[in-house]
Amino acid sequence: MLEKKNNRKENHPYKTSKWIAVMTAVCMSSMLAGCGSAVPAETETAVAIETAAESAAQEEAEENEEAGTQDEASEEKSEMPNETETGTAGAAEESAEEAEAQNSTGSITGQSAACSRIPEIADIEISEELENTEDGGHVITADGETADYANTKVTKTGEADGDEADFYGENAAIFAANGSTLTLTDMVINTNGTHANAVFSYGEGTTVNVSNSVIETSGNCSGGLMTTGGGTMNAENLNIHTTGNSSAAIRSDRGGGTVTVTGGKYETDGTGSPVIYSTADIIVNDAELTSTASQGVVVEGKNSVTLNNVTLTADNNTKNSDKSDTYQAVMIYQSMSGDAAEGLSSFTMNGGTLTNKNGDIFFVNNTVTEISLSGAEIINEDENGVFLRAEAAGWGNEGSNGGQVTLTADAQEINGDMIVDEVSNLNLYLKNNTVFTGAVNTDGQAGEVYVDLDENSVWTLTADSFITSLTCDEDSIILNGHTLYVNGEAYSEGTAATGKAIEVTVTSGSGNGGEMGTPPEGAPGEGGPGNGENMGNPPEGALGADGQQMGTPSEKPDGDRKGGPGSGTPPEKPDGDDKGGPGTGTLPEKPDDDGKGSPGSGTPPAKQEGT
C-alpha cells in the first residue's frame with residue numbers, strides 16, 4: 001500500500017499532463033477574457049477549471065485502473081474502497097484550487113503576456129480607411145471632445161514646415177487638442193511627408209490613448225508619438241518604425257507633457273532620430289527600443305526619461321551637427337534653443353539591457369543631471385568608448401557648459417572609464433553590491449570628482465585615476481596595480497576614507513524656457529498651457545542666456561533637427577486669419593518679421609532637417 005501511495009505522489013497532477021491541461025484551459029480562458037471575449041472572465045475561468053478538473057479525475061482513474069495486477073487492485077479496493085475516488089477527487093480539487101489561485105494572482109500577467117504580442121500590419125483587421133493629402137491637414141482631429149477610433153487605417157501625405165508642425169501639430173496624421181480624450185485601438189497609421197507626425201497630443205488636459213497599433217513614418221521630422229504643450233500620451237503595445245531624419249519614435253517638443261509607453265517595439269533609422277527625444281517626462285516599460293543611426297535616448301533640459309525593464313540597442317554612427325565629435329547611446333544636454341526649460345534633468349534605468357554599438361554610453365553637456373541605474377545590464381561593444389563623458393561641447397557658454405552629474409548605481413555592474421573635464425563635475429555613488437571596473441580621468445586631474453562607496457560595493461581600477469574626494473571603507477578599493485590619486489595624494493589600498501560631495505547648483509534660465517506661452521490666435525489648442533502672456537518678439541540686439549543674439553537659432557544636436565528662437569516664445573500668428581483652428585487642416589501663415597530671423601528680415605532661418 002505504501003508503494004502505491006508513493007506512485008500517486010510521484011504522479012501528482014501538478015507535475016503531469018493533467019496539470020498542464022488544467023493550466024492550459026485556464027490560460028486560454030484568461031487570454032480570451034483579456035483580449036475582448038464577450039463572456040465574463042469569471043464564467044470562462046470557472047468552466048475551464050471544472051472541465052479541466054473532470055478531465056484530470058478521469059485520467060487519474062484510468063491510470064489507477066491500469067496500475068498493478070487485477071488482484072492487487074481488488075485487494076486495494078477491498079481494503080480501502082474509497083481511496084481511488086478520494087484521491088482522484090482530491091487531486092482534481094487541488095488542481096482546481098491551484099488553478100483558481102494562479103488565475104487570481106497571475107491572470108493580469110498572463111493576459112498581458114498573451115495579448116502583448118507585438119502587432120504587425122497583417123494582424124490588424126481593418127474596417128475603415130481614412131486619408132488626407134493636404135499640406136498641413138489632419139486625417140483625424142479631436143477638438144475638445146471624447147472620441148474613439150478602432151480598426152482603422154490612416155494614411156497621411158502632405159508637407160509642413162517648422163514650429164507650426166512641431167509645437168502645434170500642423171500636418172499630423174492624428175491630432176488631439178483643447179482637452180480632448182482620444183482613444184485609438186488596432187490602428188494602422190502611415191505618414192509620408194515632411195513634419196508629418198503620426199499621433200500628436202497638444203495642450204494641458206488633452207489625453208491620447210493608443211494601443212495595439214502599427215505606426216510607420218518615412219518623411220523627415222516625422223515622429224511616431226509627439227507630445228507638446230503639456231499634453232498626455234499613453235501608449236501600449238505599439239510597433240513604431242520611422243525612417244526619416246529627425247524623426248524620433250517617441251518625441252516631445254516645446255511645452256513637453258507626460259508620456260507613458262508600455263510594451264511594444266520602437267525603431268528609428270534616420271540621422272538625428274533617437275528612439276526617444278525628451279523635452280517632457282517620459283516613462284517606458286517593458287519595451288524594445290532600437291536606433292540604427294542615432295542615439296537611443298536624448299534628454300534636453302529640465303526633463304526626464306525612465307526606462308523600466310527595457311531592451312535598448314543604440315548604434316549612433318551618423319551626425320547632423322558639428323558641435324560634438326563623439327557618439328553615444330544616451331545624451332543629456334541643454335541646447336539653449338528655448339524648447340526646454342533649464343534645470344535638473346534625469347535619466348533612470350531599472351533592470352533591462354542597454355547595448356551600445358558605437359562610442360560612449362552616457363554623454364552629459366551644458367546641464368545638471370541625475371543618472372540612476374539599478375540592476376541594468378549595460379554593454380558597450382565599442383572598446384574605445386567610455387561609460388560616462390561629462391564635458392563641454394558646442395552648446396552653451398564656453399567655460400561654463402560642462403556636465404554636472406550625480407550618478408547613483410544600485411546593485412549595478414559598471415564597466416568602462418569616466419571622463420570629467422575641467423568645467424564639469426561628478427558625484428558618483430556606488431551602493432548595494434555595485435561593482436565598478438574602470439578608471440576616472442586617466443589623463444590627470446580635471447573636473448571635480450567625488451566617489452562614495454558603501455560597505456558592500458567595490459571599485460577595481462583599470463588605470464591610474466584622479467579624483468578630488470573619496471568615501472569608502474578599507475575593502476572598497478582594489479588598485480589592481482594602479483594608483484588612485486585623491487586630491488593629488490596617492491590612496492593606500494586597505495584604508496578607509498571620508499570625503500565630501502560636490503555642491504551642485506541648479507539654475508533656471510531666463511524667459512519661459514520651454515513653456516508654450518499663449519498659443520497664437522487661431523492655432524490648434526488655443527487656450528492651452530503656459531504663462532498666460534504672449535512674450536512677443538525679443539528686442540533687436542537682445543542677448544539670450546547662451547550669449548547669442550535673441551532671435552538667432554541655437555543649433556540642436558544629433559537627436560533633433562532644429563534650433564528655435566532663444567526667447568523661448570513660439571512665433572506669433574497674424575490676427576484675423578480664418579484659416580486656423582483645430583480640424584481645419586490648414587494653419588495660418590506666419591507673419592513677416594516673426595522674431596525668428598535676423599531683425600527686420602521677415603524670414604525665419606531654415607531648420608536643420610537632420611542631414
Side-chain angles (χ1 to χ4, degrees), residues 108-109 112-113 115-118 224-225 233-241 248-251 258-268 273-278 280-292 294-299 303-316 328-332 345-364 369-382 385-388 405-416 429-438 457 559:
I108 294 176
T109 303
S112 176
C115 298
S116 63
R117 178 178 180 271
I118 296 172
L225 305 176
M233 180 76 71
N234 299 314
E236 184 172 357
N237 195 35
L238 304 184
N239 186 347
I240 296 182
H241 185 198
I250 303 167
R251 299 180 75 189
T258 302
V259 180
T260 304
V261 176
T262 301
K265 180 173 71 173
Y266 308 81
E267 182 175 357
T268 63
S273 299
V275 185
I276 301 172
Y277 191 97
S278 176
D281 294 320
I282 297 178
I283 299 173
V284 181
N285 308 302
D286 306 304
E288 179 182 338
L289 313 178
T290 304
S291 64
T292 64
S294 305
Q295 295 96 341
V297 174
V298 174
V299 182
N303 296 291
S304 68
V305 167
T306 298
L307 305 181
N308 297 316
N309 194 35
V310 164
T311 299
L312 169 61
T313 302
D315 188 1
N316 181 202
Q328 56 280 146
V330 178
M331 178 175 179
I332 306 170
S345 62
S346 70
F347 175 89
T348 301
M349 188 169 186
N350 299 312
T353 303
L354 189 165
T355 301
N356 183 52
K357 300 287 187 179
N358 187 46
D360 307 329
I361 301 293
F362 294 101
F363 172 57
V364 182
T369 193
E370 293 180 347
I371 299 173
S372 299
L373 307 173
S374 179
E377 182 180 10
I378 300 178
I379 303 165
N380 195 348
E381 295 183 354
D382 186 344
V386 301
F387 188 85
L388 170 69
V405 184
T406 297
L407 195 163
T408 301
D410 187 346
Q412 181 66 46
E413 182 176 345
I414 296 175
N415 293 293
Y429 297 93
L430 309 177
K431 61 182 185 178
N432 293 333
N433 296 298
T434 288
V435 176
F436 171 32
T437 304
S457 298

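Values reported hereafter were calculated over all heavy atoms of this structure, with side chains retained and with hydrogens, waters and symmetry mates removed.
- Looking at every heavy atom in both residues, Asn237 comes nearest to Ile118 through OD1-CA, 3.8 Å.
- Under the side chain to side chain contact (heavy atoms under 4.5 Å, CB included) test applied with Leu307, the options Leu373, Leu289, Thr353 reduce to a single match, Leu289.
- For the atom pair CZ (Phe387) and CZ (Phe436), the distance works out to 8.5 Å, reported to the nearest 0.5 Å.
- Judged purely by atom type and a 3.5 angstrom limit, Gln412 uses its side chain to pair as donor or acceptor with the backbone of Ala376.
- Note that CE of Met349 and CG of Asn308 are 9.5 Å apart. Values are rounded to the nearest 0.5 Å.
- Under a 3.5 Å cut-off, the side chain of Thr268 and the backbone N or O of His241 do not form any donor-acceptor pair.
- Of all non-hydrogen atoms in Asn356 and Ala329, the two that sit nearest each other are OD1-CB, 3.4 Å.
- Contact annotation: the side chain of Ser273 approaches that of Ser294 to within less than 4.5 Å [non-hydrogen atoms, C-beta and beyond].
- Minimum interatomic distance between Val298 and Tyr277 (heavy atoms only, all atoms of both residues): CG1-CE1, 3.4 Å.
- Between the Ser278 side chain and the Val299 main chain, no donor and acceptor come within less than 3.5 Å of each other.
- Closest approach of Asp360 and Gly385 over heavy atoms only: OD1-CA, 3.5 Å.
- Under the 3.5 Å distance criterion, the side-chain polar atoms of Thr306 are left unmatched by any main-chain donor or acceptor of Ile283.
- Taken from OG1 in Thr408 to CG in Asn432, the straight-line distance is 11.0 Å, to the nearest 0.5 Å.
- A side-chain donor-acceptor contact under 3.5 Å links Asn380 to the backbone of Asp382.
- For the pair Ser345 (side chain) and Ser304 (backbone), a donor-acceptor distance under 3.5 Å is absent.
- The CG atom of Leu312 sits 8.0 Å away from the OG1 atom of Thr355 when rounded to the nearest 0.5 Å.
- Here the closest non-hydrogen pair linking Ile361 and Ile379 is CD1-O, 4.1 Å.
- Applying the ring pair (Phe, Tyr, Trp, His ring centres under 6.0 Å) criterion to Phe363, with sequence neighbours excluded, gives no partner residue.
- Of all the heavy atoms in Ile240 and Ala249, the pair that sits closest is CG2-CB, 3.8 Å.
- For Tyr266, there are no ring pair (Phe, Tyr, Trp, His ring centres under 6.0 Å) partners, not counting sequence neighbours.
- Taken to the nearest 0.5 Å, the CG atom of Leu407 stands 7.5 Å off from the OG atom of Ser372.
- Here the side chains of Val405 and Ile371 are in contact, with some heavy-atom distance below 4.5 Å.
- Applying the salt bridge (charged side-chain N to carboxylate O under 4.0 Å, His left out) criterion to Lys431, with sequence neighbours excluded, gives no partner residue.
- Between Ile282 atom CD1 and Ile276 atom CD1 the span is 6.0 Å, to the nearest 0.5 Å.
- Side-chain contact between Leu388 and Val364: present, with at least one pair of heavy atoms (C-beta onward) separated by less than 4.5 Å.
- Side chain of Asn316 to main chain of Gln328: a donor-acceptor pair is present (N/O by atom type, distance under 3.5 Å, no hydrogens or angles).
- When atom types are taken as modelled, the side chain of Asp281 and the backbone of Thr258 share no donor-acceptor pair closer than 3.5 angstrom.
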